[in-house]
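Values below: every heavy atom of this structure, side chains too, minus hydrogens, waters and symmetry copies. The structure displayed is predicted, hence computed values, not measured ones. Reminder, nothing fancy here: chain letters follow the sequence lines and each chain counts from 1.
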Amino acid sequence: MELVIDRLSKQYNNKIAVDRLSLKLKSGVVGLLGANGAGKTTLMRMICGILKPTGGTITFNGMDVSEEMFRDALGYLPQDFGYYPNFTGKEFLLYMAALKGIERNAARKKCDVLLKTVGLDHAANKKIKTYSGGMKQRLGIAQAVLNDPKILILDEPTAGLDPKERVRFRNLIAELGKDAIVILSTHIVSDVEHIADRILLMKDGQFVFDGTLDDVGMDLEEFYMQHFEEDEEGEQYE
Amino acid sequence: MSNFGILCKTEFKKILCKKAIWITLVLGLAFILVADMSDILFNESYYYGDLKVPIAQIERMGIENSKEVNGKPMDEAFYERFRLQMSDELEAQKDNPAVLNDPSSLDAGYPGFWPVAELTGNSWFVQNEIRRIGASNDERYNLLMKGSVEEIEAAKRNKLEINVTYDCPKEDEADYWMSRYDSIPKPYIYSYGHGYYKYFSSSFVTIWLSFLIILIGLAGSFADENTFRTDALILSSRYGRKRICRAKLLVGLCFSVISTMVIMIICFVIPMLVYGAEGWNTPVQNALIGCAFNMTIGQAVILTFVFGILVSLLWGSTVMLLSFGFKNIVPVMAIHAAALMLSVFNLPDSMGIISQIWALKPAYFVYQGMFMEYRLFNIAGLLINNLQMAAVVFILVTVISVVATARFYRNVQVASR
Amino acid sequence: MSDLKKKLQMGFDAPAPIRKEEFLEHLNISENANKSNLEGFLFSQIGYISKSAWVFSLLSLIVAMLGIRYSDQHMIWIISGMTPLLALSIATESSRSERYGMAELEATTKHSLASVVLARLFIISIADLVAMLVITLIGYKAIGRTAVPTMLYVITPFLISVFLELYSVRKLRGRQSFYACIAISFLVSLSIYFIEFEFKTLYKPEFISAWVAAAILALIGVMVQGRKIIKNTEEIVVWNWL
């Protein structure tokens, strides 16, 4: 199982959001860190096949990401995902299961299990518009893992979760990372510290660091701040 | 249920959970009910001296009176029966100055003509006949009261020919209509077509209500995915490109057709219950004055339903296309609302082909006007009437809209919001 | 930042600021000037009213004027039936903050949600009244009536639509209210067209008192609903100039 990103680029008018990235990923959890506007979300959208790159290719086990079978193996939790207010949590999951091609009976069972896993079984039949922010986030996580994805893209997945839920989530992701490629983009450095097998630091559309926590050799947050200190100094004089 | 079935069911749920649809439907149907019964509910009673006759009673008398002659040929015996009823009633009312001095009868040259027509249950028949006979004022009533069947029929034909020639100055175009009119078997078979007339004339209300329901239901079919920020989730799922698009389009078109048919059926049934449904197999001229087609009332009704389906498909597909294109319900609703409001206007005939193309506006159909559009399209020597052209255009635009939506949806991307 | 800029920054140190606090205090606007005046606030809100609201109102005005130009004097109902569409912009603007999730933010600012909503409604109402005045002045000669009855025929459907739409904005939340407003505008227009088409009595001189009564009742309804909407934003607004 391998995700290959080859000279991937995305340009919007005058801005290069992603600048000739090349990467090979195998199963495990990859932590993607970067400042706002570094290109993380753009990269993730291109990997999911919902944004066309300007150049380069992305393939998963030889399959291009635009193919339907790639999406069959994909789970995605966007940063600013929405929902249908009048749907209940269970209806929403069943709808997503249908979209992911899961057979109806299997979908029902899977939804029940997942709602219990994310702690939403008591609210399964309540409308999503009544959910708190953390509950909506947990629902989003549940839909992302519905189809037992081989490649799981998570953009700010722990936003809105309380510490206990965050720990539960980390355990879930760590477990999934054993058999799947998990790309986790977050500003919460401690999440990456605890579960990422590999750390990617992104800046201005390029990777400025690609290695393990051992390769960092220091506190990850300090390491992160060091890399982006230059930018701060520069911004003071602009 | 297969996955596709679940997707379709969910799409239906998204549409039907909009409260505004149900509120609009209930209010609209109430409006249609009032509109169809407006004659009875709002028209005043007629007063002829001490004699007060409520309009409901007059309508009832019309229905009762026509029962004896529904389905009968309009021959000499038919007209004789009518004239006898009128003269008997006139005799009975000869001492009632309110009837004899009725101002609406002054034009007729027959004192008390209109009140007597109402009192004998012949008001609908007389209205229909007078409007069809294209002679001067006095002559119309003389023909009706004294003319032979041949003279009456010649006058009706003459009136139609004048109207047709006005719209179609070319000889071959006028011949197109007159040949159709001449092929209707004579003498005409009569029926009390007031109910069908009410259906045909108030169906513009139907089409507006149907349009509103379609607009409210489908304006968000694709736009909502952007507004509710579910587009990334859907597009990244296995069936989030082709299959979901097909489900949305199928559900949208089905919703359009079903909602329109429900509204049209209700709008058809109400006047049938109030005014009676006799005359299904009689010439359409019993309900549509000025129509030159050789068809029965039943065929005309079916045609309105067929066009109802075509119009609903057209609207549904264009609403969905704009919903996909704009990703926002406001411009979708604004554009369609503007189009509907503009369709109230007719362009003057002097604008030629532009005016003729404008007459293909969907709101014009499912309405009596669609049967009385005499202008023809000349395509490589072949004369095509409005109905034929509209059917082709509507189907074409629907297909283009659906194909375009499906085609472009395959390549849609989620960039920054 | 370009390379040259970066190199310049590395090569030179910027001087430290002198008498910074004095300079900033000097910039402080006086207490009276700090309170932006009502007129200024109203003017500032003009820019925040959505372009589509202006475009839609303008289109409705153009269509009404086309109706006057191309229709004969019996078709006053065309003008009368267009004005409910003008009412749409009022109802949609009043619910815009809630539809786009800005209500909570705007409720906590200095010029709170209530002020914002009231200001926008006021501006759009003025604009719509101007539009209806234009329609009246152009239309009354074309339809062969005097200015006052024409104004009534134009403004009454508008007021009825505004009243019903403000009511629906209060009762329904979010997009549902938007859909309801569209439906109300259409149904009011449709009612006018139908009544005139069927009965041809709506615009007869003997019914003018009915129009006056309808206009007064609708105006009262609008004021009541408007007040309730403002109250709903959980803020008591004190207008200095009232």
A:E103 portion near chain B, given a 4.5 angstrom heavy-atom threshold: backbone
Report the option among A:A73, A:A144, A:G101, A:G140 that has the most heavy-atom pairs separated by less than 4.5 Å from atoms of chain B. A:G101
Most contact-rich option vs chain B, by heavy-atom pairs under 4.5 angstrom, among A:K100, A:K10, A:K52, is A:K52
In the structure I gave you, are the side-chain heavy atoms of B:Y239 and A:E68 within less than 4.5 Å of one another anywhere? yes
Taking every heavy atom of A:R71 against every heavy atom of B:L235, the minimum-distance pair comes out as CD-O, 3.2 Å
Grab the two heavy atoms, one from B:L7 and one from A:A98, that are nearest each other, plus how far apart they are. CD2-CB, 3.8 Å
Testing the basics here: between B:R238 and A:D72, what is the closest heavy-atom pair and its distance to 0.1 Å? CD-OD1, 3.4 Å
Could I get the full list of ring pair (Phe, Tyr, Trp, His ring centres under 6.0 Å) partners for B:W315, not counting sequence neighbours? B:F211
Could you list which of residues 241-271 of chain B have a heavy atom closer than 4.5 Å to any heavy atom of chain A, in residue-number order? B:R241, B:I244
Quick check: do B:E225 and A:Y84 have side-chain heavy atoms less than 4.5 Å from each other? yes
Sort A:A97 into side chain, backbone, both or neither according to what part of it lies under 4.5 angstrom from a heavy atom of chain B. backbone
From A:L99 atom CG to B:T230 atom OG1, the distance as rounded to the nearest 0.5 Å: 9.5 Å
Counting only non-hydrogen atoms closer than 4.5 Å, does A:Y76 touch chain B with its backbone (N, CA, C, O), its side chain (CB onward), both, or neither? both
What do you reckon, is NZ of B:K361 surrounded by more than 12 foreign heavy atoms closer than 6.0 Å? yes
Sort out for me which of A:T41, A:T42, A:I102 touches chain B most, counting heavy-atom pairs under 4.5 Å. A:I102
Using a heavy-atom distance cut-off of less than 4.5 Å, which residues of residues 85-93 of chain A contact chain B? A:P85, A:N86, A:F87, A:E91, A:F92
Rounded distance (nearest 0.5 Å) linking atom CZ of A:R104 with atom CD1 of B:I6: 5.5 Å
Closest heavy-atom contact between B:L233 and A:G82? CD1-O, 4.1 Å
Shortest non-hydrogen contact from A:I50 toward B:S236: CG2-N, 3.8 Å
Verify the neighbour count for atom CZ of B:R410: are there more than 12 heavy atoms of other residues, nucleotides or ligands below 6.0 Å? yes
Can you give me every donor-acceptor pair (side chain of residues 14-26 of chain A, partner residue at least two apart or in another chain, under 3.5 Å) with its distance?
{"residue": "A:D19", "atom": "OD2", "partner": "A:Q206", "partner atom": "NE2", "Å": "3.1"}
{"residue": "A:S22", "atom": "OG", "partner": "A:R7", "partner atom": "N", "Å": "2.9"}
{"residue": "A:K26", "atom": "NZ", "partner": "A:E2", "partner atom": "OE2", "Å": "2.8"}

